[in-house]
Trainee: 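If you scroll down you'll find the structure; I have some questions about it.
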Amino acid sequence: DRVWGGELLRGPVKTPHRALQKCVRKYRRDFRCLTDLVRCMMVFESMWEVERAWRFIRSLSEVGFEAGSSEGATRQGSIFSSSTRLPRRVSAVQMEAVGVEGNGEAEWGGEGGSWEEEKIFRLVRVKNRFNEKSRHHDERVGYRDLTINLEVGWVYGEGELDFLPVKEWEAQMAERHIIEVQLHLRSIKEALGKEGHRTYEQWRNVLHK
C-alpha cells in the first residue's frame, strides 16, 4: 500500500512473549510503558520524503497534552522538552527531541492534495535515530529510522471502529491505544536484508533489552 508518499508495511502484533520480555528488561515491569504492541513501517526513497511525512503527521497531532488544552493546541515546533507534561496514561514515557526543523505545519502535495484536518493523533514520543544529537543515535549500530508513538481514540460502530479526533475523546468516552509508526529510508531497509532483524535480536539479547 502507498500512504503519505511511502510504502506502508503493516507489522504483526507484538507477541506476548516479547511484550513481557520488554516490559521486564526495559520498563521495570511497568506495562503502561509498552507503546509498540501495534506497529507499522513506512518506507521512503529520500530524507526529504521522510521529513515531509513527519511534518504531515505532526500537523495532525496534538503534542502530549490532554484534549482541550489550549497550551497543547498552540504549542508549535519540532523540538519538545523532556519536561513536557504528558497524558496520564503515559506519564512514565519521556518525550524525546526529534531534531527536525519547522513549525509542524504541512501541506500534502501528493495524490490527496492539500490537507487541513482536525487533530486525530496525540503525539507521545519521537525517537530520531537520524539525528546525531539524539541519545538514540548509536554510531556502533548504524541503524537509522524515525520512530513515532501516536495515541489514537475510537468508538465501536456497526461492525467496525470509528476513529475520532482528539477533541472528542472525552465526550465520546473513546477507547485509546498508543501505536508505533516507523519512518524508514529504503536504502537502509534494503541494506539490512532478511538477516537484519535476526542480528538485531542477537544484539538486543546481549544488551538485555
Trainee: Donor-acceptor pair, Arg52 side chain versus Arg55 backbone, under 3.5 Å?
Mentor: no
Trainee: For residues Ile188 and Leu9: do they belong to one hydrophobic cluster (side chain heavy atoms under 4.5 Å, members Ile, Leu, Val, Met, Phe, Trp, Tyr)?
Mentor: no
Trainee: One pair to check against salt bridge (charged side-chain N to carboxylate O under 4.0 Å, His left out): Arg28 and Asp30. What are the steps and the verdict?
Mentor: CA-CA 6 Å; Arg28 299 180 181 180; Asp30 188 348; over 6 Å; no
Trainee: So which atom in Arg144 and which in His184 form the shortest heavy-atom distance, rounded to 0.1 Å?
Mentor: O-ND1, 4.3 Å
Trainee: Kindly compute the distance separating CG (Leu34) from CZ (Arg18), expressed to the nearest 0.5 Å.
Mentor: 9.0 Å
Trainee: Please round to the nearest 0.5 Å and tell me the distance separating atom CZ of Phe44 and atom OG of Ser187.
Mentor: 13.0 Å
Trainee: Just wondering, do Phe130 and Val50 contact through their side chains at under 4.5 Å, heavy atoms?
Mentor: yes
Trainee: For the atom pair CD1 (Ile57) and CG (Leu150), what is the distance rounded to the nearest 0.5 Å?
Mentor: 6.0 Å
Trainee: Are Val181 and Thr147 packed together at the side-chain level, in the sense that at least one heavy-atom pair is separated by less than 4.5 angstrom?
Mentor: no
Trainee: Would a distance-only check, ignoring hydrogens and angles, find a side-chain to backbone donor-acceptor pair under 3.5 Å from Glu49 to Glu45?
Mentor: yes
Trainee: I would like to know whether Lys14 and Asp36 meet side chain to side chain contact (heavy atoms under 4.5 Å, CB included); could you show each step before the answer?
Mentor: CA-CA 7 Å; Lys14 187 178 289 294; Asp36 61 347; 3.0 Å; yes
Trainee: Under a 3.5 Å distance rule, please check whether Asp145 uses its side chain to pair with a backbone N or O of Gln182 as donor and acceptor.
Mentor: no
Trainee: So Glu51 and Arg58, salt bridge (charged side-chain N to carboxylate O under 4.0 Å, His left out) or not? Walk me through it.
Mentor: CA-CA 10 Å; Glu51 181 170 350; Arg58 173 64 183 86; over 6 Å; no
Trainee: Give a yes or no on whether the backbone of Pro12 and the side-chain of Arg39 come within a donor-acceptor separation of less than 3.5 Å.
Mentor: yes
Trainee: Checking salt bridge (Lys or Arg N to Asp or Glu O under 4.0 Å) against Glu7, which of Arg186, Lys189, Arg2 comes through?
Mentor: Arg186
Trainee: Out of curiosity, does Leu20 fall in the hydrophobic cluster containing Val38 (side-chain heavy atoms, cut-off under 4.5 Å, transitive links)?
Mentor: no
Trainee: Do Trp54 and Val126 come within less than 4.5 Å of each other through their side chains, counting heavy atoms only?
Mentor: yes
Trainee: Closest approach of Glu151 and Trp169, non-hydrogen atoms and distance?
Mentor: O-CH2, 3.3 Å
Trainee: Do any side-chain atoms of residues 152-166 form donor-acceptor pairs under 3.5 angstrom with protein atoms, and if so which ones, sequence neighbours left out?
Mentor:
none

Trainee: When you group the ILVMFWY residues by side-chain heavy-atom contacts below 4.5 Å and let the links chain together, are Ile120 and Ile179 in the same group?
Mentor: yes
Trainee: Within the distance-only criterion (no hydrogens, no angle test), does the side chain of Lys119 pair as donor or acceptor with the backbone N or O of Ser59 below 3.5 angstrom?
Mentor: yes
